[in-house]
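The structure presented is a predicted model; accordingly, all values stated were derived computationally and were not measured. Hydrogens, waters and symmetry mates are skipped; everything else that's a heavy atom, side chains included, is used.
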Amino acid sequence: MRTRDEHLFGPGPKRILSLDGGGVRGLLTLGVLKRVEAILAARSPAPAQFRLSDYFDLIGGTSTGGILATLFALGKSVDEVTELYFAMCPRIFGWRSLLSRIYLRDRFKAANFRAVIDEVFDKVVHENGRSDLLAPDKRSQHPAIDTDMLRTGLAIFAKRIDTSSLWVMTNNPRSMYWDPQSEHWRRHFVERQETFLPNRDYSLRAIVQATASAPLYLAPVDVQISPGVWGLFLDGGVSHCNNPSLELFYMAALQPFEGADGDKPLSPFGFSWKTGADDLYMLSVGTGTWRERRSSRELKSKTPLVGAVAALQSIMGDADRNAVALMQAISQTPGAASGSSGYLEDLRGLRIVQQPLLTYKRAAPQLESEWLQKSFASQFEVSARRLARLRDFDNSRKKNLGLLHAIGLASGEKLIGETDLPPAFDLPEWKRAAAA
């Protein structure tokens with residue numbers, strides 16, 4: 001099993017797993033990843049012990065994708081995470097009183113969410129033989145993001161609303177805010193005379209709660225960022241990064257080049273991975289896509305506020321489609337298409353660079369009646385009302401969760417084939433075992 005630093009800085013091609021946000025629809029993602037795990041495990045020398053953290057060098061996510069990314073980076077299997085998720089959703093998304101909706105207060109109790117997160121991390125800490133970190137004076141801060149319990153690279157996206165800025169927090173020890181006294185950044189921070197709490201000390205519990213605290217659903221989370229200064233964080237999905245694939249590529253591939261003055265800067269992210277179709281692979285998994293359709297007559301009859309809210313809600317979908325389109329435009333895409341990038345449709349064979357910068361696969365089930373019928377015939381015959389419930393961020397009823405997961409499993413079989421996980425990116429030890 002490779003260490004975090006071997007994943008991040010070791011030789012050879014790199015592999016990224018990008019996970020979208022989407023509340024309870026994370027069960028669609030888990031269904032797709034069941035297929036991914038099965039294909040990769042079959043290629044590994046020890047299928048029963050295989051974990052996604054063995055293969056992917058960086059796992060990044062937003063909102064529900066941030067929760068899943070963390071659990072996978074901690075070495076959990078897809079089945080283990082799925083079991084946890086089925087148990088978590090009803091506890092997090094339990095209805096509050098009618099007054100919370102009338103007065104636009106947070107619909108669900110942040111305390112319930114924190115209790116669930118605490119239980120999950122307490123279990124992880126115990127399983128790793130580190131029960132000493134559960135002492136009252138340590139529990140809230142541990143595990144920190146620099147923990148060796150994380151088996152691979154991790155990136156979590158959250159929005160700091162008191163400064164209106166997107167934050168990405170990673171466990172890369174070469175990243176800008178990891179340690180102001182590090183060899184990489186000492187000069188920079190001395191010159192700017194900045195003081196802050198190193199990112200390496202950030203609590204994973206707090207970060208995971210922050211990335212998934214969606215506005216109007218769960219209260220924002222306070223995170224201390226420097227002596228006497230606290231930032232207020234919420235769901236990274238209220239930025240362009242609900243689908244974080246484009247930002248993950250930017251982070252991983254940003255390279256330092258020597259300037260005219262001979263000075264060679266440092267990448268603030270600290271990855272600087274080599275690009276190319278045979279050097280960088282990304283699998284991006286969505287939590288269900290659809291085109292929101294509303295009657296123009298109905299919208300005109302409502303107050304201007306309703307129209308404004310509808311426009312704002314569509315921005316997330318626009319950002320998702322834009323990310324998919326741009327990723328397709330710079331990449332080589334293996335296998336069959338798995339959905340369009342919006343008005344541009346399928347961009348395979350069309351690029352803005354002659355040589356692809358990576359191999360990129362997008363797998364996103366479509367929560368549209370036409371797609372479900374075309375893909376699965378009568379397996380998922382759902383009414384318009386049921387389809388609307390499947391699209392809900394917070395519908396934690398048992399029947400809804402079960403149907404989401406079933407669609408995810410079926411979508412994995414449809415959208416993910418052997419060629420979508422190119423053998424060229426198989427781990428060296430797999431190839432050596434196969435040749436022996």
Practice prompt. Can you spot which of V78, T287, V81 makes a side chain to side chain contact (heavy atoms under 4.5 Å, CB included) with T29?
Written response: T287
Fill in: Closest non-hydrogen atom pair between A206 and V221, with its separation
O-CG1, 4.1 Å
Discussion item. Under the rule for side-chain hydrogen bond (donor to acceptor under 3.5 Å, both in side chains), what residues qualify as partners of D148, not counting sequence neighbours?
Written reply: none
Discussion item. Less than 4.5 Å apart, side chain to side chain, heavy atoms only: is that true for L30 and E37?
Written reply: no
Discussion item. Centre-to-centre under 6.0 Å for F86 and H405, is that the case here?
Written reply: yes
Worksheet item: Is the side chain of R4 donor-acceptor paired with the backbone N or O of M149 at a distance under 3.5 Å, no angle test?
Response: no
Worksheet item: If we only count heavy atoms from C-beta on, is the S131 to V125 side-chain gap below 4.5 Å?
Response: no
Worksheet item: Can you name the closest pair of heavy atoms from G75 and S53 and give their distance?
Response: CA-OG, 3.7 Å
Practice prompt. List the steps, then state whether side chain to side chain contact (heavy atoms under 4.5 Å, CB included) holds for L40 with L421.
Written response: CA-CA 8 Å; L40 294 174; L421 298 158; 4.1 Å; yes
Fill in: Cation-pi check, R174 onto F271 ring (under 6.0 Å, within 45° of axis)
no
Discussion item. Test side chain to side chain contact (heavy atoms under 4.5 Å, CB included) on L28 and I407; report intermediate values, then the result.
Written reply: CA-CA 7 Å; L28 289 170; I407 292 174; 3.8 Å; yes
Worksheet item: What side-chain hydrogen bond (donor to acceptor under 3.5 Å, both in side chains) pairs are there with at least one residue in residues 422-436, not counting sequence neighbours?
Response: R43-D426
Worksheet item: How about E83: does its CD atom have over 12 heavy atoms from other parts shown lying under 6.0 Å from it?
Response: no
Worksheet item: Are the side chain of S375 and the backbone of W371 linked by a donor-acceptor contact shorter than 3.5 Å?
Response: yes
Discussion item. Using a 3.5 Å distance criterion without hydrogens, assess whether the side chain of K361 forms a donor-acceptor pair with backbone atoms of L415.
Written reply: yes
Worksheet item: Atom CG in L246, atom OH in Y360: separation rounded to 0.5 Å?
Response: 9.0 Å
Practice prompt. Verify salt bridge (Lys or Arg N to Asp or Glu O under 4.0 Å) between E368 and R391, making sure each step is shown before the conclusion.
Written response: CA-CA 10 Å; E368 301 270 13; R391 295 172 178 177; 3.5 Å; yes
Worksheet item: Quick check, are the ring centers of Y177 and W185 under 6.0 angstrom apart?
Response: no
Fill in: Polar side-chain atom of R130 near backbone of L133 as donor-acceptor pair, under 3.5 Å
no
Discussion item. So does E80 get a backbone contact from the side chain of S77, meaning a donor-acceptor N/O pair under 3.5 Å?
Written reply: yes
Discussion item. Is any side-chain heavy atom of L283 closer than 4.5 Å to one of F56?
Written reply: yes
Fill in: Flag, side chain of D162 to backbone of L232, donor-acceptor distance under 3.5 Å
yes
Practice prompt. Could you tell me the separation between the CZ atom of F380 and the CG atom of L390, rounded to the nearest 0.5 Å?
Written response: 10.0 Å
Practice prompt. Would you name the heavy atoms of R205 and H142 that are closest together and state the gap between them?
Written response: NE-O, 2.7 Å
Worksheet item: Do S331 side-chain atoms and M327 backbone N/O form a donor-acceptor pair below 3.5 Å?
Response: yes
Worksheet entry | Stepwise side-chain hydrogen bond (donor to acceptor under 3.5 Å, both in side chains) check, S63 with D235 | CA-CA 6 Å; S63 191; D235 196 320; 2.8 Å; yes
Worksheet item: Charged N to carboxylate O under 4.0 angstrom, D122 versus R139?
Response: yes
Fill in: Rounded distance [0.5 Å steps], CD1 in I117 versus CD1 in I67
5.0 Å
Worksheet item: What class does the angle between the rings of Y202 and W167 fall in, given that below 30° is parallel, 30 to 60° is tilted and above 60° is perpendicular?
Response: parallel
Worksheet item: Does S175 have any side chain to side chain contact (heavy atoms under 4.5 Å, CB included) partners at least two apart in sequence or in another chain, and if so, which?
Response: T170, N172, W178
Discussion item. Any salt bridge linking R386 with E381? Criterion: basic side-chain nitrogen under 4.0 Å from a carboxylate oxygen.
Written reply: no
Worksheet item: Stepwise, does the side chain to side chain contact (heavy atoms under 4.5 Å, CB included) test hold for K14 with K274?
Response: CA-CA 8 Å; K14 298 298 181 185; K274 184 179 179 182; over 6 Å; no
Worksheet item: Do other residues, nucleotides or ligands put more than 12 heavy atoms under 6.0 Å from the OH atom of Y250?
Response: no
Fill in: Contacts of type salt bridge (charged side-chain N to carboxylate O under 4.0 Å, His left out), residue D392, not counting sequence neighbours
none
Worksheet entry | Minimum-distance pair of heavy atoms, taken over all atoms of A155 and L248 | CB-CD2, 3.8 Å
Discussion item. Is it the case that the side chain of R160 and the backbone of S165 share a donor-acceptor pair, with hydrogens and angles ignored and the cut-off at 3.5 Å?
Written reply: no
Worksheet item: Any donor and acceptor pair, going by atom type alone, linking the side chain of T359 with main-chain N or O of A277 inside 3.5 Å?
Response: yes
Worksheet entry | From CG (L17) to CG (D57), nearest 0.5 Å | 11.0 Å
Discussion item. Closer than 3.5 angstrom, by distance alone: can the side chain of S18 be matched with the main-chain N or O of S284 as a donor-acceptor pair?
Written reply: no
Worksheet entry | Test item: H240 and L166 side chains (from C-beta on) under 4.5 Å apart, heavy atoms | yes
Fill in: Heavy-atom check, side chain of D279 versus side chain of W273, under 4.5 Å
no
Fill in: Close side-chain approach of K374 to Q366, heavy-atom, < 4.5 Å
no
Worksheet entry | Within the 6.0 Å centroid threshold, strictly below: F393 and F93 | yes
Worksheet item: Listed by chain and number, what are the side-chain hydrogen bond (donor to acceptor under 3.5 Å, both in side chains) partners of N400, not counting sequence neighbours?
Response: none
Item to complete: With sequence neighbours left out, write down each residue that passes ring-ring contact (aromatic ring centres under 6.0 Å, His included) with F9, or none if nothing qualifies.
Response: none
Worksheet item: When rounded to the nearest 0.5 angstrom, what is the spacing between CG in L74 and CD in E127?
Response: 9.5 Å
Fill in: P180 vs P198 side-chain heavy atoms within contact, under 4.5 Å
yes
Worksheet, complete the sentence: Here the pair of heavy atoms bringing L401 nearest to C89 is CD1-CB, 4.1 Å
Worksheet item: Just wondering, are more than 12 heavy atoms of other shown residues or ligands nearer than 6.0 Å to CG in D79?
Response: yes
Discussion item. Taking E119 first and then R91, would you say they form a salt bridge - that is, a charged N and a carboxylate O separated by under 4.0 Å?
Written reply: yes
Worksheet item: Do you know which two heavy atoms are closest between P220 and I161, and how far apart they sit?
Response: CG-CD1, 4.1 Å
Fill in: Verdict with reasoning, T70 to L204, per side chain to side chain contact (heavy atoms under 4.5 Å, CB included)
CA-CA 8 Å; T70 303; L204 266 179; 4.2 Å; yes
Practice prompt. Measure the CZ-OG1 distance between R2 and T152 for me, rounded to the nearest 0.5 Å.
Written response: 7.0 Å
Discussion item. Taking the side chain as everything from C-beta on, heavy atoms only, tell me whether L326 gets closer than 4.5 Å to N322.
Written reply: yes
